[in-house]
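Just the heavy atoms: all of them, side chains too, but no hydrogens, waters or symmetry mates, feed the values below.
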Amino acid sequence: MVLWIVLVILLLALLGVGLVVVGRGRSRRRAPGAPPAQAQPTPPASPGSVATVEAPPPRAPPVEVPVDGTQVGTPIAPADLHQGMGKTRGLVSGYFRALRARASVDARTWDDIEEALLRADVGVATTTRLLEDLQGRVQRGELRGPDAVLGALHDDLRGSLATQAGTALRVDEGETNVWLFVGVNGVGKTTTIGKIARQQQANGRSVLLAAGDTFRAAAAQQLEMWGDRAGVPVVRGAEGGDPSAVVFDAVQRAAARGHDLVLADTAGRLHTKVNLVEELMKIRRVADRDPGHVTEVLLVLDATTGQNGLTQARQFLDAVEVTGVVLTKLDGTAKGGIVVAIQRELGLPVKLVGVGEGPDDLIPFDSAAFVDALFA
Ligand code: GDP
């Protein structure tokens, strides 16, 4: 009898130890940021395994988030504006070099400046205004020599860009922020959304993408590819479906799962302008309905289209209240002066510029750095 009692006690003791070991194992696996228990490193997740609507919102490791939320966090090497503006600078510097080589200011000086600015797509109105101002100052003896004229042009350009509204992107803490991206097909909307998703994740924000361009199946696929890269979930609908429904669904999911930011793509077909206007107005209304909160409407423009982009832009301004411009493909054109025309003629701040196709080739627009890069 005593032997039986001892055996039962021993068995119970052994069972207890086993449970404690299992329990510890589980809690170790759950510990946030704990190193893998195995000596073998875990292989990186395949791209397709991340960006589904079912995936829980992945959180980037905490990094310092700047106030405007637009600066690139630690994992990202920001692209170089100076390098991205190589073509525009190449064009402008050719004229400026010729101008500097002459001893005095004459009719050719004004021709060179005018041609440089017009070819860089600064626009007729701004070029005329800048030239008249400089000519007046030379006549009054306030400026002497080509270098002084170029110095004054540099300062005037800086001044005219700096007076525009700020470039910060708005995120209201504790809200389900929605940023809508509008613009015609091919300007770089999807690419821009992918780049921003990556940057905002790196800033510690939890992002969700909404494939609101239901018109083209390829658009949603492309967005999913960017979602995979950035490790953010994507909400998409049926091809040809109602884009407002996709955005609505995305906002609901974002609110339910605690995402800070929904980046919503939209279709950019312009051939049926009335439909486009109505569609965008509806998407905006739906996105702004509680718990959604539209904090940016970003018009994406392709710098290579130069002044033609302004005509396109006006059509979108009729439809939605645009808060800023993302100017893409600055690297591929000598028409970088379009930045000045956008800010002065449309009255919109350029908030971001795209300087390449890579995931990190999107930088916050800095007017001083822009003018410096132009004159460097
Ligand atoms: P969407 O139709 O407006 O969504 O445009 P996409 O995002 O599909 O972009 C159209 C093309 O432009 C793609 O080949 C992109 O890689 C390219 N692109 C986008 N942004 C930039 C940029 O800043 N620089 C360059 N060189 N190409 C870009």
Side-chain angles (χ1 to χ4, degrees), residues 32-33 45 47-76 168-182 189-214 219-237 242-266 283-298 323 326 351-352 359 362:
S49 66
V50 195
T52 66
V53 289
E54 302 311 327
R59 278 262 175 199
V63 290
E64 209 182 314
V65 184
V67 179
D68 70 1
T70 62
Q71 293 300 310
V72 175
T74 31
I76 291 178
L169 295 167
R170 185 171 145 207
V171 176
D172 290 353
E173 298 300 337
E175 302 274 356
T176 307
N177 294 267
V178 184
W179 292 358
L180 289 180
F181 293 80
V182 301
K189 281 192 305 295
T190 316
T191 310
T192 298
I193 291 172
K195 292 172 180 175
I196 293 180
R198 184 172 144 79
Q199 294 185 353
Q200 292 296 323
Q201 287 273 117
N203 280 347
R205 302 223 186 271
S206 175
V207 179
L208 183 138
L209 306 184
D213 183 356
T214 54
Q221 281 162 12
Q222 203 187 336
L223 202 68
E224 279 180 335
M225 189 201 78
W226 278 101
D228 284 347
R229 272 200 197 178
V232 304
V234 181
V235 171
R236 63 178 289 185
D242 181 2
S244 305
V246 175
V247 173
F248 177 81
D249 193 21
V251 169
Q252 296 296 320
R253 279 171 197 256
R257 298 181 182 197
H259 294 282
D260 314 303
L261 187 56
V262 176
L263 305 179
D265 198 6
T266 62
I283 291 175
R284 196 193 191 288
R285 257 196 329 271
V286 167
D288 217 16
R289 203 175 288 157
D290 198 44
H293 185 51
V294 176
T295 45
E296 292 286 349
V297 179
L298 295 167
T323 56
V326 180
K351 295 199 168 188
L352 294 162
L362 185 76

Mind checking the [atom1]-[atom2] spacing from [X] to [Y]? Nearest 0.5 Å is all I need.
{"X": "Ile196", "Y": "Leu261", "atom1": "CD1", "atom2": "CG", "result": "8.5 Å"}
{"X": "Asp265", "Y": "Trp226", "atom1": "CG", "atom2": "CH2", "result": "12.5 Å"}
{"X": "Leu263", "Y": "Gln200", "atom1": "CG", "atom2": "CD", "result": "7.5 Å"}
{"X": "Arg253", "Y": "Thr176", "atom1": "CZ", "atom2": "OG1", "result": "14.0 Å"}

So which heavy atom on [X] is nearest to which on [Y], and how close?
{"X": "Val246", "Y": "Ala211", "value": "CG1-O, 3.6 Å"}
{"X": "Pro233", "Y": "Val207", "value": "CD-O, 3.6 Å"}
{"X": "Ala230", "Y": "Gln201", "value": "O-NE2, 3.9 Å"}
{"X": "Val262", "Y": "Ala254", "value": "CG2-CB, 3.4 Å"}
{"X": "Ala287", "Y": "Val294", "value": "CB-CG2, 3.7 Å"}
{"X": "Lys351", "Y": "Ala168", "value": "NZ-O, 3.0 Å"}

- Residues in side-chain contact (heavy atoms from CB on, under 4.5 Å) with Glu175, at least two apart? Asp172, Asn177, His293
Between the main-chain N or O of [Y] and the side-chain N or O of [X], is there a donor-acceptor pair closer than 3.5 Å?
{"X": "Thr323", "Y": "Val297", "value": "yes"}
{"X": "Ser206", "Y": "Asp260", "value": "no"}
{"X": "Asn203", "Y": "Arg205", "value": "no"}
{"X": "Gln199", "Y": "Leu362", "value": "yes"}

- Test Val235 against every option in Leu209, Leu208, Val247 by the side-chain contact (heavy atoms from CB on, under 4.5 Å) rule and name the one that passes. Leu208
- Message: What verdict does the side-chain contact (heavy atoms from CB on, under 4.5 Å) test give for Ile283 and Val182, after you've listed the backbone C-alpha separation in whole Å, the side-chain angles of each residue and the deciding distance to 0.1 Å?
- Response: CA-CA 11 Å; Ile283 291 175; Val182 301; over 6 Å; no
- Message: Please evaluate residues Asp213 and Thr266 with respect to the criterion side-chain contact (heavy atoms from CB on, under 4.5 Å), reporting the C-alpha separation (whole Å), side-chain torsions for both, the decisive distance (0.1 Å), and the verdict.
- Response: CA-CA 4 Å; Asp213 183 356; Thr266 62; 6.0 Å; no
- Taking only residues two or more places apart in sequence or in another chain, which ones pass salt bridge (Lys or Arg N to Asp or Glu O under 4.0 Å) with Asp290? none
- Show your reasoning for whether side-chain contact (heavy atoms from CB on, under 4.5 Å) applies to Trp179 and Thr295. CA-CA 6 Å; Trp179 292 358; Thr295 45; 3.1 Å; yes
- Thr192/Lys189 under side-chain contact (heavy atoms from CB on, under 4.5 Å): CA gap, chis, key distance, verdict: CA-CA 5 Å; Thr192 298; Lys189 281 192 305 295; 5.8 Å; no
